[in-house]
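In the text below, chain A, chain B and the rest are named by the order of the sequence lines, each starting its count at 1. Here the structure is a predicted model, which is why all the values come from computation and not from measurement. Atom set for the values below is all heavy atoms of this structure, side chains included, hydrogens, waters and symmetry mates excluded.
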There are 2 protein chains.
Amino acid sequence: MTDAVNPKRAERNPTAGGSAARTAGAGQRRSRKRGTVNKDVIMGIASSMFRERGYDRTSLEDIASALSITKPSLYYHFSSKEDILLECISRGYILFQQKIADRDDVRLPGRERVRVFLEAYVDLIQDNVLSMIVADERVMSDAGKVKSRNYKRMINRDLQDRLEAGQRDGSLAFDDIKIVAYGIFGMVNWMTHWQSGALDIPPAAVSDQFVKMIFDGIGAPRA
Amino acid sequence: MTDAVNPKRAERNPTAGGSAARTAGAGQRRSRKRGTVNKDVIMGIASSMFRERGYDRTSLEDIASALSITKPSLYYHFSSKEDILLECISRGYILFQQKIADRDDVRLPGRERVRVFLEAYVDLIQDNVLSMIVADERVMSDAGKVKSRNYKRMINRDLQDRLEAGQRDGSLAFDDIKIVAYGIFGMVNWMTHWQSGALDIPPAAVSDQFVKMIFDGIGAPRA
DNA sequence: GCCATTTGTTACCACCCGGTAAGTACTTTA
DNA sequence: TAAAGTACTTACCGGGTGGTAACAAATGGC
């Protein structure tokens with residue numbers, strides 16, 4: 001009974017699928033064919049787990065076992081846990097850009113361009129893909145902080161540009177653009193804290209209601 | 001046999017005040033007079049630290065050293081780390097009720113009662129007092145989850161009551177009250193993720209702008 | 001068939017964290 | 001003044017985490 005070496009680490013019930021891998025497909029350790037685990041597969045799982053459990057509370061062992069590999073294997077693909085997070089953030093940003101590219105059109109009024117932004121954003125939140133939201137700078141290295149902050153700045157800039165465009169073309173009206181942007185991001189980002197029940201609302205319904213609320217407010221029209 | 005005993009664990013630099021106690025006054029360990037540390041003082045520091053660093057990333061040692069006491073001393077006042085959090089949540093809720101009691105008046109239109117709610121709420125967020133927001137159920141015991149969820153439910157109910165009152169008296173108008181409440185809480189709760197710079201905006205300015213945005217929206221009035 | 005590269009594995013470490021046991025000093029009370 | 005409680009301290013444990021060293025098996029090119 002040596003307690004330094006934990007023998008139980010190796011033995012993992014091969015029949016128990018566990019709830020670890022509820023999010024994405026995963027089998028038991030060793031069941032996966034060699035070579036099917038690439039960076040993108042890892043980031044898919046990692047994004048989901050970071051989003052569901054939080055970055056801190058997701059251990060590398062959690063991620064690895066959801067992929068049916070072992071923790072050190074992750075270090076073949078990534079250089080650190082933070083590296084995984086940063087790549088997830090980058091991936092999320094790229095997916096956002098791709099999603100928005102189809103529907104976006106700079107000739108539309110700013111108001112509509114804000115709507116496009118929000119619909120894509122809410123979609124991706126509910127797909128557990130926007131790791132940026134979940135990334136808390138306080139756990140990151142200085143270099144990581146800079147990178148993460150840059151992505152946040154870019155996406156913030158994107159929304160603010162649309163808001164300004166709306167102000168110019170007369171489709172939107174507001175005082176303080178910073179507070180407005182913060183408010184909008186708060187509304188949608190906080191979805192990551194919703195309990196599972198509330199998340200069952202279809203993304204389209206959520207973004208519809210939010211967009212309505214943001215544009216029209218909830219004050220009764222004064223007569 | 002066992003190499004698990006790490007001797008270096010005990011040695012800790014006693015002079016290093018560190019930046020742990022930037023939030024509230026603290027000196028080096030032992031500088032504080034006996035008896036000045038009571039539950040309320042602990043909760044004050046703990047709330048701030050939970051809010052600034054997050055619950056997970058605030059160790060009991062962090063809290064203790066900010067109070068110039070040792071970690072086991074905390075166990076004289078509280079039974080566990082979660083206990084501290086739960087008491088902070090309760091304290092925050094009570095402070096909220098007290099703050100709101102002065103200005104609240106059920107005879108006011110719902111719209112104004114929502115405003116009162118939000119002004120108090122934003123104030124207390126900026127005072128780092130609403131630990132409820134920072135408490136992530138995923139780290140809590142089942143019993144803790146229930147308690148925490150109850151406080152959240154109560155404060156949610158409070159806002160929804162005000163919203164419904166506004167809908168009845170005609171001062172507010174909206175479709176889905178749940179989404180509206182989620183949206184509002186998202187806007188204000190997300191303030192806990194703002195970087196320090198943005199938090200310098202005076203609370204009154206924040207709540208004014210948020211309230212304006214919530215009531216009137218940012219869509220230009222259609223002619 | 002052999003070798004280099006890719007993709008993993010086992011075994012392990014140093015560190016940190018929540019929590020506990022047991023003892024100590026100050027303060028109140030009878 | 002002595003007992004009883006209050007408010008701490010030192011020393012320690014078990015368990016978990018990110019990360020590393022060293023080794024092994026599958027894969028593809030020659």
Nearest whole angstrom, please: distance from the [atom2] of [N] to the [atom1] of [X].
X: B/Glu61; N: C/dC17; atom1: CD; atom2: P; value: 8 Å
X: B/Lys71; N: D/dA11; atom1: NZ; atom2: P; value: 14 Å
X: B/Met140; N: C/dG18; atom1: CE; atom2: C1'; value: 16 Å
X: A/Met49; N: D/dT17; atom1: CE; atom2: P; value: 11 Å
X: A/Lys39; N: C/dG8; atom1: NZ; atom2: C1'; value: 16 Å
X: A/Leu60; N: D/dG18; atom1: CG; atom2: P; value: 4 Å
X: A/Ile69; N: D/dA25; atom1: CD1; atom2: P; value: 19 Å
X: B/Asp62; N: C/dC17; atom1: CG; atom2: P; value: 7 Å

Legend entry - Any A/Thr70 side-chain N or O less than 4.0 Å from OP1/OP2 of C/dT9: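 So the side-chain polar atoms of A/Thr70 do come within 4.0 Å of the phosphate oxygens OP1 or OP2 of C/dT9, strictly under.
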Inset, instruction - Identify, between B/Asp56 and A/Pro72, the residue whose nearest nucleotide on DNA chain C lies closer to the 5' end. - result: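 Result of the comparison: A/Pro72.
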Inset, instruction - Can you run down the salt bridge (Lys or Arg N to Asp or Glu O under 4.0 Å) pairs that involve residues 195-213 of chain B, sequence neighbours left out, and say none if there aren't any? - result: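 Non-adjacent pairs meeting salt bridge (Lys or Arg N to Asp or Glu O under 4.0 Å): A/Asp175-B/Lys212.
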Legend entry - Pair listing, salt bridge (Lys or Arg N to Asp or Glu O under 4.0 Å) test, anchored in residues 84-97 of chain B, at least two apart: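 For residues 84-97 of chain B, and leaving out neighbouring residues, the salt bridge (Lys or Arg N to Asp or Glu O under 4.0 Å) pairs sorted by first residue read B/Lys39-B/Glu87, B/Asp40-B/Arg91.
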Inset, instruction - Determine which pairs satisfy side-chain hydrogen bond (donor to acceptor under 3.5 Å, both in side chains) with at least one residue from residues 134-151 of chain A, sequence neighbours left out, and list them in order. - result: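 Sorted pair list: A/Glu82-A/Ser141, A/Ser90-A/Tyr151, A/Asp136-A/Arg138, A/Asp136-B/Arg57, A/Glu137-A/Arg149, A/Asn150-A/Arg153.
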Inset, instruction - Enumerate the residue pairs fulfilling side-chain hydrogen bond (donor to acceptor under 3.5 Å, both in side chains) with a member in residues 92-102 of chain A, sequence neighbours excluded, ordered by first and then second residue. - result: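 Found A/Tyr93-A/Gln97, A/Lys99-A/Asp123.
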Inset, instruction - Could you identify which residues of residues 74-86 of chain B place a heavy atom less than 4.0 Å from some atom of DNA chain D, listed by residue number, or say none? - result: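 Contacting residues: B/Tyr76, B/His77.
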Legend entry - Taking every non-hydrogen atom, the tightest pair across A/Met140 and A/Gly144: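 Looks like CE-O, 3.4 Å.
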Inset, instruction - Go through the side-chain N and O atoms of B/Tyr182 and B/Asn156 and say whether any donor and acceptor fall under 3.5 Å apart. - result: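 There is no such pair between these side chains.
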Inset, instruction - Assign A/Ser73 to base, sugar-phosphate, or nothing according to its heavy-atom contacts below 4.0 angstrom with the strands shown. - result: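 A/Ser73: base contact, heavy atoms under 4.0 Å.
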Inset, instruction - Hey, could you give me each pair passing ring-ring contact (aromatic ring centres under 6.0 Å, His included) that has a residue in residues 55-87 of chain A? Not counting sequence neighbours. - result: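 Passing the test, one end in residues 55-87 of chain A: A/Phe50-A/Tyr55.
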